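These notes are about the structure you will find just below.
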Amino acid sequence: MLVFVDSYKHKDKHKDKEHRHKDHKKDKERERLKHNSDHRDSDKKHRDKEKLKHKDGSDKPRDKDKYKDKERRKEEKSLDVKIKKEKENGFASPPCIKSEPENDFYHSPKPLKREHDVDDSEFKPKKIKTENDKVDKKAKKRRPEEDYEDIKPKKKTKDKKGDVPDGKKKAKKEPEEKWKWWEEERYTDGVKWRFLEHKGPVFAPPYEPIPGNVRFYYDGKQMKLSPEAEEVATFFAKMLDHEYTTKDIFRKNFFKDWRKEMTPEEKAKITDLSKCNFTEMSVYFKAQSEARKQMSKDEKLKIKEENERVLQEYGFCVMDNHKERIANFRIEPPGLFRGRGDHPKMGMLKRRIRPEDVIVNCSKDSKHPKPPPGTKWKEVRHDNKVTWLVSWNENIQGSIKYIMLNPSSRIKGEKDWQKYETARRLKKCVDRIRNQYREDWKSKEMRIRQRAVALYFIDKLALRAGNEKEEGETADTVGCCSLRVEHINLYPEKDGQEFVVEFDFLGKDSIRYYNKVPVEKRVYKNVQLFMENKQPEDDLFDRLNTSILNKHLQELMDGLTAKVFRTYNASITLQQQLKELTNPDENVPAKILSYNRANRAVAILCNHQRAPPKTFEKSMQTLQTKIDAKKDQLSDARRELKSAKADAKVRRDEKSKRAVEAKKKAVERIEEQLMKLEVQATDREENKQIALGTSKLNYLDPRISVAWCKKWEIPVEKIYNKTQQAGEGSKLCSENTLQDEPQGKTDQGYLSWKDWLCEGSFQMWIILAEVKALAS
DNA sequence: GGACTTACTTAGCAGGGACACA
DNA sequence: TGTGTCCCTGCTAAGTAAGTCC
């Protein structure tokens, strides 16, 4: 498979199509990634040969029983045959996977019977464990215990050198006991918790009117606005420098909603947004922001302490026996809606959320959160089949917003774990599914053909499912099932390749997906058929939607949805790329560059992009200057070494010998420094428009990364972000955390997918969860 | 529609470099 | 050479929009 996504932030739909090919550096990088990222095409030349040999044979019809027999036989075939077959399909997986014993692959968490599954009415919390509490391995059930008031919050900020109290320093040396939630029994029947207590949300501060000397002008004349109208005006003023305020839809929506907040007098007077002058307001807010930056240390510290206090009070909840961090305990403040892409609702007023709008979810027997004085909650609910703590309706899309737990929580961790387990199960049957959809390309029924081709695209290109969207409510974006004829171009031959499909559409967040992919002839012919007699705005897959597709996938494998293919292909691509790119002879920075390149291959596959940082060019320039300076330094050092050597040759004494050694060391040190700088420059350049974070946190099974780190003795914290190198992070990612590393290392000197993902290695989960928690 | 995950942007902070001075 | 301070830059994490799936 060739995954080669050329995509940009889509500001003007097709305008820059030609321009994008001009960036040679980027093209070069893509070429490299194109070569490197193709996990199912690692030996392209060979595969192409194979393809030429077998491309017709694979399409021969066969009856169902024959197919089943063949499937059975296929399971028994040798590794070589398997690889050959995979290559024919264009989906060659790492060879080590084939040798896995089949029964080892399924390790889905089996929900065990719980003590409280039947009747939870009597459930009372007794003692809350922090993450540091010891786990009673003999009794791993989530038992209610007493006295949870004494729980001390986990200190979030790491202590700087010298600030650490002696006791703490000492404590750091001792291995910390973690709450091993993955060793506990899981709830059944959709129950998410038995006990939930929290303090409710933190509301946005009330509006503070701007000072009298900050004026608003309409049509050149000063005008005092009512507090309601003034507040909304400040939202606009704060965004004055932003591109949003130049957009017609934004301005139109803002003005419409602003007028709703005006008094009748204001409404009568203010009729044209272009006559409004918000400059003084804008200047005032900029000055305020500047003043915040200029605050004294003490003032900043005070604010920090206050934030910390709020965090400690509202940022944690007690779920079952454990204190858990809440992700977003602050309710979104009012403001102007910033939809992405060409969102028809951008600029609309996001109203202020009040206690009367809020539904609080907690357990009956908990201490219910109190609404602010003089107010009341919309509702207090006790629904333990959901994970949210607080919800409210937002007014822009009419959807519900939630306050939920941090990724470090048990509830999120379990979900994450299940996600990767499902992806692992897909590994087991992906060949069968691929053969099935290949067969379906020949179906007499159009709906089946469409389903099969769509699934092929989802699998091959890691496309999203593509739900239907309400027209006019959101930006016009699509996924696989919602592709339209206008998003596809077909080329019988392009750039020396046959049967090329060109995709050009806006995906999630209005990020452009542009890709030219050579496909199998049958796919090509099918797409041609689907496009026949259709208008550009017609659906490509008119007999398909995501629920039909997912229903079909569910029949193929329990829990299988379109999304699982993305997770599976992302994780397996990482593993393949790590194997391919890691050079055992290279040093740590070079290996980390290899990891980032593997990560990048996944990000490209998933089309995870970012806007190039504003300071990118400048920072590259700075780095280049450093490199140049280092090069000069190196040639100086080499010259000095040469002269020291000559000197030593003449003098032949100990002193000059020592001088030569010292110069040698200096050269080595500078060489290493130069290498590090060059690696950094390469990494940064390659990462200009690619976002690694999303794939790292959401698609890559952390066990693969940790296995790789262990294999090559790379500190885990080098992979899961820099801030964790010091303080808590290094502890979390220490050897202790990885104590139950699985046994089987492969001949390739690399832990295989299966090897790492065996039962008992769930420690990895807590690493991911805690790394995420640290980031909070 | 509801619940949940995935996604990108950006404010603010941490940390490193430059410089002064002991 | 070590230490302290300031400033700049890159990175992180909060914030919240936009997906998926049931």
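So you know, we letter chains A, B, ... as the sequences are listed, proteins then strands, and number each from 1. Keep in mind that this is a model prediction, so the values were computed, not measured.
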Under 4.0 Å between a side-chain N/O of Arg566(A) and OP1 or OP2 of dA7(B), yes or no? yes

For a quick check of understanding: with a heavy-atom distance under 4.0 Å over all strands, which category does Gly507(A) fall into, base, sugar-phosphate or nothing? sugar-phosphate

Any Lys/Arg nitrogen of Glu306(A) or Arg309(A) sitting under 4.0 Å from an Asp/Glu carboxylate oxygen of the other? yes

Is the distance from OP1 or OP2 of dC8(B) to the nearest side-chain N or O of Gln609(A) less than 4.0 Å? no

May I ask you to say what Thr477(A) touches in the nucleic acid, namely base, sugar-phosphate or nothing, with a heavy-atom cut-off under 4.0 Å? sugar-phosphate

Think His608(A) has a side-chain N or O under 4.0 angstrom from the OP1 or OP2 of dT6(B)? no

Tell me the interatomic distance from Ile400(A), atom CD1, to dG2(B), atom C1', rounded to whole angstroms. 5 Å

Reckon Thr387(A) has a side-chain N or O less than 4.0 Å from the OP1 or OP2 of dA3(B)? no

Provide, to the nearest angstrom, the distance between the NZ atom belonging to Lys415(A) and the P atom belonging to dC21(C). 12 Å

Quick check for you: among dT16(C), dC21(C), dA3(B), whose closest atom lies nearest to any side-chain atom of Met404(A)? dA3(B)

Between dA18(C), dC8(B), dG10(C), which nucleotide gets closest to the side-chain atoms of Arg684(A)? dG10(C)

To the nearest Å, give me how far apart CG (Asn406(A)) and C1' (dA14(C)) are. 11 Å

Need to verify one output field. Residue with the more 5' nearest nucleotide on DNA chain C, Lys350(A) or Gly479(A)? Lys350(A)

Examine the side chains of Tyr244(A) and Arg338(A) and answer whether a donor and an acceptor come within less than 3.5 Å of each other. no

Between Glu394(A) and Arg351(A), is there a salt bridge with N-O shorter than 4.0 Å? no

Is a salt bridge present between Asp701(A) and Arg703(A), judged by a nitrogen-to-oxygen distance below 4.0 Å? yes

Taking atom types as they are modelled, is there a donor-acceptor pair under 3.5 Å from the base of dT6(B) to the side chain of Lys563(A)? no

Atom-to-atom span, CG of Asn328(A) to P of dA17(C) - whole angstrom: 12 Å

So, OP1 or OP2 of dA7(B): does either fall under 4.0 Å of a side-chain N or O from Tyr699(A)? yes

Below 4.0 Å: OP1/OP2 of dT10(B) and any side-chain N or O of His242(A): yes

Residue-phosphate contact under 4.0 Å: Thr474(A) side-chain N/O, dA18(C) OP1/OP2: no

Ion pair Lys551(A)/Glu555(A), N-O distance below 4.0 Å: no

In this structure, how many angstroms lie between the C1' atom of dT20(C) and the CG atom of Leu553(A), rounded? 13 Å

For a quick check of understanding: with a heavy-atom distance under 4.0 Å over all strands, which category does Asn467(A) fall into, base, sugar-phosphate or nothing? base

Would you indicate what Ala562(A) reaches in the nucleic acid, counting non-hydrogen atoms under 4.0 angstrom: base, sugar-phosphate, or nothing? sugar-phosphate

Nearest-angstrom distance from the residue atom CG of Asn687(A) to P of dG10(C): 14 Å

Give a yes/no on whether any side-chain N or O of Lys419(A) is located under 4.0 angstrom from OP1 or OP2 of dC4(B). no

Just how far, in rounded Å, is P of dA14(B) from NZ of Lys304(A)? 4 Å

Salt-bridge test for Asp416(A) and Lys419(A): reply yes if a basic N is under 4.0 Å from a carboxylate O, no otherwise. yes

Listed nucleotide nearest any side-chain atom of Lys508(A), set dA14(C), dT6(B), dT5(B): dT6(B)

Of all the choices, dC4(B), dT6(B), dT20(C), which nucleotide is nearest to the side chain of Arg464(A) once you look at every atom? dT20(C)

In plain terms, say whether Asp320(A) and Arg410(A) are close enough for a salt bridge, that is, a side-chain N and a carboxylate O under 4.0 Å apart. yes

Taking for each residue the nucleotide of DNA chain B bearing the nearest heavy atom, is the 5' side occupied by Lys300(A) or by Ser391(A)? Ser391(A)

Counting side-chain heavy atoms from C-beta on, which of dA18(C), dT6(B), dG19(C) comes nearest to Lys469(A)? dG19(C)

Whole angstrom is fine here: how far is it from CG in Leu697(A) over to C1' in dT6(B)? 10 Å

Determine: side-chain N/O of Lys401(A) to OP1/OP2 of dA17(C), distance under 4.0 Å, yes or no. yes

